[in-house]
Amino acid sequence: MEQEIRQINFAFMGFGHVGRAFARLLINRRNWLLKEYGVEWKITGIATKSHGTCIDHAGLPIRKILGSWKRHSNLENFHNGPVCASHTDFIRQCGADVLFEMSVLDLSGQPAATYIREALGAGLNVITTNKGPISTHFRALTKLARLRDVELLYEGTVMDGAPVFNMVRQNLPATRIRSLRGILNSTTNYILTQMEQGTPFESALEYAKNAGLTEADPRLDLDGWDAAAKLSVLIQALMGATVKPKDIERSSISEETGKIVRAAVRRDRRLRAVARAYRQGGRVIGKVELQELEIFDPLAAIRGLSNILIINTDTVRELAIVENNPSVDQTAFALFADLVSLLE
Ligand SMILES: NC(=O)c1ccc[n+]([C@@H]2O[C@H](COP(=O)([O-])OP(=O)(O)OC[C@H]3O[C@@H](n4cnc5c(N)ncnc54)[C@H](OP(=O)(O)O)[C@@H]3O)[C@@H](O)[C@H]2O)c1
């Protein structure tokens with residue numbers, strides 16, 4: 001029997017490193033989506049902050065947009081649709097079934113939380129890599145998605161493409177997570193492990209910036225906010241407590257941290273920015289702190305841009321997920337994995 005073809009329309013909020021990598025991945029997996037799920041897709045809208053906005057209900061020429069991005073990174077030339085007065089207006093007019101929210105991290109969660117609320121309210125499914133709105137508005141947004149009978153998926157908010165939320169949801173039924181600990185921020189781990197080898201703080205930070213791995217504002221990485229936002233999403237989604245990034249104790253890293261790093265190495269120990277959450281009474285406590293670890297601690301072995309998460313459960317006991325040297329392509333894959341779970 002012939003498979004019925006489903007047409008799905010996508011809109012992108014944000015077309016930076018992640019948005020462009022995801023567009024490339026979608027193009028590369030076009031035949032796979034058609035063969036496995038009978039899905040034909042088109043991108044009907046892309047919105048950015050300073051590179052313009054475009055809508056075309058017939059489908060934007062995404063290969064052409066990507067091809068010309070370095071030369072003419074202005075989306076207005078591709079606009080062939082209704083005039084949009086604002087980004088929320090864009091969401092209402094873009095004609096999409098799924099909004100991919102990939103705008104920048106802001107600690108307030110705004111304006112991304114407003115975009116997500118608008119999209120869910122209008123009956124669009126939302127898939128995001130943006131931990132800002134998910135950490136600060138978790139309950140309200142997940143409740144709204146349930147009320148509107150649409151999906152809000154956020155695998156890429158923590159550990160890029162490594163399956164965390166999808167793995168727990170699909171493979172750990174009836175499991176209580178007692179505690180968790182890990183290394184969740186690539187930039188600080190890269191800088192700490194480079195400083196172990198004598199690389200100056202500034203050069204290590206510069207490399208991470210040039211590789212597109214830091215947040216638009218690198219202080220969000222260095223002051224532990226990025227890790228705190230990820231930890232907050234983990235606590236809310238996996239441990240059922242409302243702990244927001246501002247409730248999480250944090251430590252920062254700077255040029256000065258280099259001395260502590262090298263002193264730890266001389267004692268055959270390793271300094272790591274450890275994110276952890278544990279239950280205490282009826283509460284969950286979250287912390288992001290610099291810890292000197294024994295060399296045989298699995299977190300001490302995590303070097304460079306790599307991440308790790310160890311969850312302690314009442315079913316499979318301890319389970320570790322390691323992500324080796326992620327790039328933006330892994331983040332794009334998280335969006336793709338969420339899309340596929342939406343199609344199932
Ligand atoms: N890079 C990674 O590997 C990675 C990994 C995990 C999660 N994330 C998350 O994914 C998101 C995107 O990351 P990225 O690396 O692609 O960032 P990016 O390269 O800085 O791109 C951000 C995009 O968002 C747009 N934008 C900024 N402010 C906006 C606003 N107020 N309204 C609408 N659009 C706005 C920007 O517009 P302009 O083009 O005009 O500047 C740009 O297109 C962030 O939330 C980040 O935390 C990134």
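In each ligand, atom 1 is the first atom listed, and ligand 1 is the first ligand listed.
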Under 4.0 Å between a Lys/Arg side-chain N and an Asp/Glu carboxylate O for [X] and [Y]?
X	Y	value
R276	E289	yes
E118	R92	yes
E196	R272	yes
R181	D297	yes
K131	D226	yes

Identify, by atom number and element, the atoms of ligand 1 in contact range of [X], meaning under 4.0 Å from any of its heavy atoms.
X	value
H87	32 (N), 33 (C)
M13	33 (C)
S50	38 (P), 40 (O), 41 (O)
K131	47 (O)
D160	5 (C), 6 (C)
G14	23 (C), 24 (O), 25 (C), 43 (O)
F15	23 (C), 42 (C), 43 (O)
N130	45 (O)

Looking only at protein heavy atoms, identify the closest one to [atom] and say how far it is in Å.
atom	answer
atom 22 (C) of ligand 1	V104 CG1, 3.6 Å
atom 19 (O) of ligand 1	H17 ND1, 2.8 Å
atom 1 (N) of ligand 1	G212 O, 3.6 Å
atom 32 (N) of ligand 1	Y115 OH, 2.7 Å
atom 10 (O) of ligand 1	T129 OG1, 2.8 Å
atom 48 (C) of ligand 1	V18 CG2, 3.6 Å
atom 12 (C) of ligand 1	M102 O, 3.2 Å
atom 21 (O) of ligand 1	G16 CA, 3.2 Å

Aromatic ring proximity F22/F336, centre distance under 6.0 Å: no
E255 vs T257, side chain to side chain donor-acceptor pair (under 3.5 Å): CA-CA, chis, key distance, verdict: CA-CA 6 Å; E255 186 80 62; T257 316; over 6 Å; no
task: Going by heavy-atom distance to atom 45 (O) of ligand 1, choose the closest among G156, S103, A334.
output: S103
query: Of the listed options (H51, K49, E215), which comes nearest to atom 28 (N) of ligand 1 when hydrogens are ignored and any heavy atom counts?
result: K49
field: Y207 OH: over 12 foreign heavy atoms closer than 6.0 Å
entry: no
message: Apply side chain to side chain donor-acceptor pair (under 3.5 Å) to residues T128 and N130 and explain how you reach the verdict.
response: CA-CA 5 Å; T128 186; N130 192 343; 5.1 Å; no
message: Taking side-chain contact (heavy atoms from CB on, under 4.5 Å) as the definition, give me every residue that meets it alongside K209, ordered by chain and number, with sequence neighbours left out.
response: L205, E206, T214, P218
- prompt: How does T331 reach ligand 1, by side chain, by backbone, by both or by neither, if only non-hydrogen atoms under 4.0 Å count?
  reply: side chain
- prompt: Between R219 and W225, is NZ or CZ placed under 6.0 angstrom from the six-membered ring centre and within 45° of the ring axis?
  reply: no
query: Applying the side-chain contact (heavy atoms from CB on, under 4.5 Å) test to R270, which of V261, I295, T193 qualifies?
result: I295
- prompt: Is the closest N or O pair between A47 and ligand 1 shorter than 3.5 Å?
  reply: no
query: So is S327 polar-close to ligand 1, meaning N/O to N/O under 3.5 Å?
result: no
